[in-house]
There are 2 protein chains.
Amino acid sequence: MREDTRTRIQEIALRLFTEQGYEATSLREIAEELGVTKAALYYHFKTKDDIVASLADLRVAEVEELLEWARTQPRSPETRREVVQRYAEALRRPRYMEVARFMERNQTALRDHPKIVRIREAMLELVNEMSDPDDPLPLRIGRSLSLFALHAGKWMPHEESVSEDEVLEASLEVALRLLEP
Amino acid sequence: MREDTRTRIQEIALRLFTEQGYEATSLREIAEELGVTKAALYYHFKTKDDIVASLADLRVAEVEELLEWARTQPRSPETRREVVQRYAEALRRPRYMEVARFMERNQTALRDHPKIVRIREAMLELVNEMSDPDDPLPLRIGRSLSLFALHAGKWMPHEESVSEDEVLEASLEVALRLLEP
DNA sequence: GTCTATACCAGGATAGAC
DNA sequence: GTCTATCCTGGTATAGAC
C-alpha cells in the first residue's frame, strides 16, 4: 500500500528544496524522481508555490497557536520560559524541523509567499511579546535571540557522538539563559 | 564625476539581490536600472555568479584574516572576546553588513558558490576555535551562537528611536555574555 | 573599450487530447 | 490522472557597431 502521489511530491520537493534550494530545483527534477512528466505535477498542485504552501501549512498553525496562547498570558518570566519550551517541543514534532530548515535556507526566494509571510510575522510578534519596549536593549536582543537559538545546532560542527536531540536540549538551555538579564 | 559602470552594477545587484532574492532578480532588471541591455553586463562580468564573487571578495578576506589571527592565539577567554570584538568591528565597515545580509538571505541559492563556501567554512572554523571538544555542549552552542548574535538585529522590530549602531553595540554585549558559562 | 542585436536553451505555466 | 504541444521569461554566448 504505497502513499498517494500528492504526499510523495511533498516529500521529494521538501528534500530537494532544502538540499539544493527552491529555485534551483526544477519541477522536471521532481517529476523525474516520481516517474512522471512535469505537466503531471500541475494536476496535484496549481503552481510550484502551491507545493510550498502545502509544506508551510503545518508550521503556520503551530506558530500562530503559540502566539495566540502567549497573548492570553501575562508578560512574566514564566510565560517567556513557557514560550521557549513550547517552541522547542514543536521543533521535535515530525517534519517540523525539516520545514523550518527549508524555510530558513530559502528566505528570499519565499519572501512574498503568503504562508511564509504569516509565519514570519507571527514569529516577530512572538519576539515582541517577549519584552517590554522599555527593557534595556541588550536584554531585548537576547530575548529575540532566544527563540532563534533553538535552531543554532546548524552552526555546530557535526559530530557522531552527539545526537540531534541532545543538541536541541542544550540549545534550550542556552535559550532559557538568554531570557534573563 | 560619476562612478564607473562596474561599481554601479555591483551596487544595484547587491540591493536587488538582497531585497528580492538572487534568483528572483534577473539580469534584465539590473540592466534596466542601469540603462543598458542585459548583454552589456556580460562585458563587465562573465556570469551572474561572477557578480556575486565580486561582492563576496571583501568578506572572504575579512573572515579568513580573522581566522588566521585566531589560530595564532591561545584558546583563552581573552582570545574569544577579541574574536567577537573584531568581528563586530568588521560588521561596521562600509558594505560589509550589506554583503552579510545578502549572503544570509540567499543561503541555498549561493550554496555551491566557491567564494561563499570559503566564507562559510572559515566561519565554521572560527566557531570551532571558540571551544574545546570537551567543553559542555550548552557552552559550545552558546559560543557558536555568539558570532551569530551580532547579526541578530534583524529580528528586532524596527524602531525609529534606535540606531543600527546602538543595536550592534547591544548585540555585542549579548555575544560576549554567551562566551562565558 | 563599451555596448547592441540576436539567437539558444532550460524552466515555469497553460490548453487540450487521451 | 497523465501526456503532448506550446508560450514566455531568464541566463548565456557571440557577432559586430561605435
Side-chain angles (χ1 to χ4, degrees), chain A residues 1-56 102-103 105-116, chain B residues 1-56 102-103 105-116:
Chain A
M1 189 67 152
R2 79 120 65 101
E3 303 161 297
D4 58 78
T5 308
R6 194 185 153 85
T7 309
R8 292 184 56 221
I9 294 174
Q10 287 178 320
E11 279 169 2
I12 295 172
L14 178 56
R15 181 166 48 76
L16 293 180
F17 288 167
T18 307
E19 282 172 4
Q20 323 177 338
Y22 174 67
E23 318 243 20
T25 302
S26 68
L27 293 180
R28 190 187 41 70
E29 246 177 312
I30 299 174
E32 261 170 23
E33 274 214 35
L34 223 137
V36 298
T37 67
K38 66 173 179 168
L41 299 182
Y42 280 87
Y43 173 76
H44 299 279
F45 294 96
K46 278 196 302 293
T47 64
K48 199 181 177 188
D49 263 22
D50 207 43
I51 303 179
V52 173
S54 78
L55 292 172
F102 152 60
M103 282 180 49
R105 294 201 191 164
N106 291 278
Q107 286 181 68
T108 24
L110 307 176
R111 201 171 127 272
D112 296 322
H113 198 291
K115 292 263 171 69
I116 305 289
Chain B
M1 187 64 151
R2 78 121 65 103
E3 303 161 294
D4 57 64
T5 309
R6 193 183 155 86
T7 309
R8 292 185 58 219
I9 294 174
Q10 288 178 319
E11 281 168 2
I12 295 171
L14 179 56
R15 180 165 50 75
L16 293 181
F17 287 166
T18 307
E19 283 172 4
Q20 322 179 337
Y22 174 67
E23 317 243 20
T25 302
S26 68
L27 294 180
R28 189 187 40 70
E29 247 176 311
I30 299 174
E32 258 170 25
E33 273 214 35
L34 224 139
V36 297
T37 66
K38 67 174 179 167
L41 300 183
Y42 277 84
Y43 172 74
H44 298 279
F45 295 95
K46 277 198 300 295
T47 64
K48 197 183 179 188
D49 263 22
D50 207 43
I51 303 180
V52 173
S54 77
L55 291 172
F102 153 60
M103 283 180 47
R105 293 200 191 166
N106 290 280
Q107 286 181 69
T108 25
L110 306 176
R111 201 171 126 271
D112 297 322
H113 197 291
K115 293 263 171 67
I116 305 289

Q) Going by heavy atoms closer than 4.0 Å, what residues in residues 14-24 of chain A are next to DNA chain C? A) none
(Q) Any side-chain N or O of A:T37 below 4.0 angstrom from OP1/OP2 of D:dC3? (A) yes
Q. Which listed nucleotide (C:dA5, D:dG1, C:dG11) is nearest to the side chain of A:Y43?
A. D:dG1
Find every protein N or O atom lying less than 3.5 Å from an N or O atom of nucleotides 13-17 of chain C, and list the pairs.
| residue | atom | partner | partner atom | Å |
| --- | --- | --- | --- | --- |
| C:dA13 | OP2 | A:Y42 | OH | 2.7 |
| C:dA13 | OP2 | A:K48 | N | 3.2 |
| C:dA13 | O5' | A:Y42 | OH | 3.3 |

Q. Among residues 105-115 of chain B, which residues get a heavy atom nearer than 4.0 Å to DNA chain D?
A. none
Q: For A:T18, check side chain to side chain donor-acceptor pair (under 3.5 Å) against everything at least two apart and list the hits.
A: none
Q: Please identify each residue that fulfils side chain to side chain contact (heavy atoms under 4.5 Å, CB included) with B:A39, with sequence neighbours left out.
A: B:T37
Q) What's the CD1-C1' distance between A:I30 and C:dA10, to the nearest Å? A) 15 Å
Q | B:I9 CD1 to C:dC3 C1', straight-line distance once rounded to whole Å | A | 11 Å
Q) When the distance from CZ of A:R28 to C1' of D:dC3 is rounded to whole Å, what number comes out? A) 17 Å
**Q.** Donor-acceptor pair, side chain of A:R105 and main chain of A:E19, under 3.5 angstrom
**A.** no
**Q.** side chain to side chain donor-acceptor pair (under 3.5 Å) involving A:R28 - partner list, sequence neighbours excluded
**A.** A:E32
Q) Hey, does the side chain of B:H44 come within less than 4.0 Å of C:dG1's phosphate (OP1/OP2), counting only N and O? A) no
Q.
So, using side chain to side chain donor-acceptor pair (under 3.5 Å) as the criterion, who are the partners of B:T5 when residues are at least two apart?
A. none
(Q) On a heavy-atom basis, which atom in B:R6 and which in B:S54 lie closest, and how many Å separate them? (A) NH2-CB, 3.9 Å
Q) Can you list the residues that meet the side chain to side chain contact (heavy atoms under 4.5 Å, CB included) rule with B:T25, with sequence neighbours excluded? A) B:L16, B:F17, B:Q20, B:E29, B:I30
Q.
Give me each pair satisfying salt bridge (charged side-chain N to carboxylate O under 4.0 Å, His left out) with a member in residues 33-50 of chain A, each pair once, sequence neighbours excluded.
A. A:R15-A:E33
Q: Could you list all the ring pair (Phe, Tyr, Trp, His ring centres under 6.0 Å) pairs where at least one residue sits in residues 30-50 of chain A, not counting sequence neighbours?
A: none
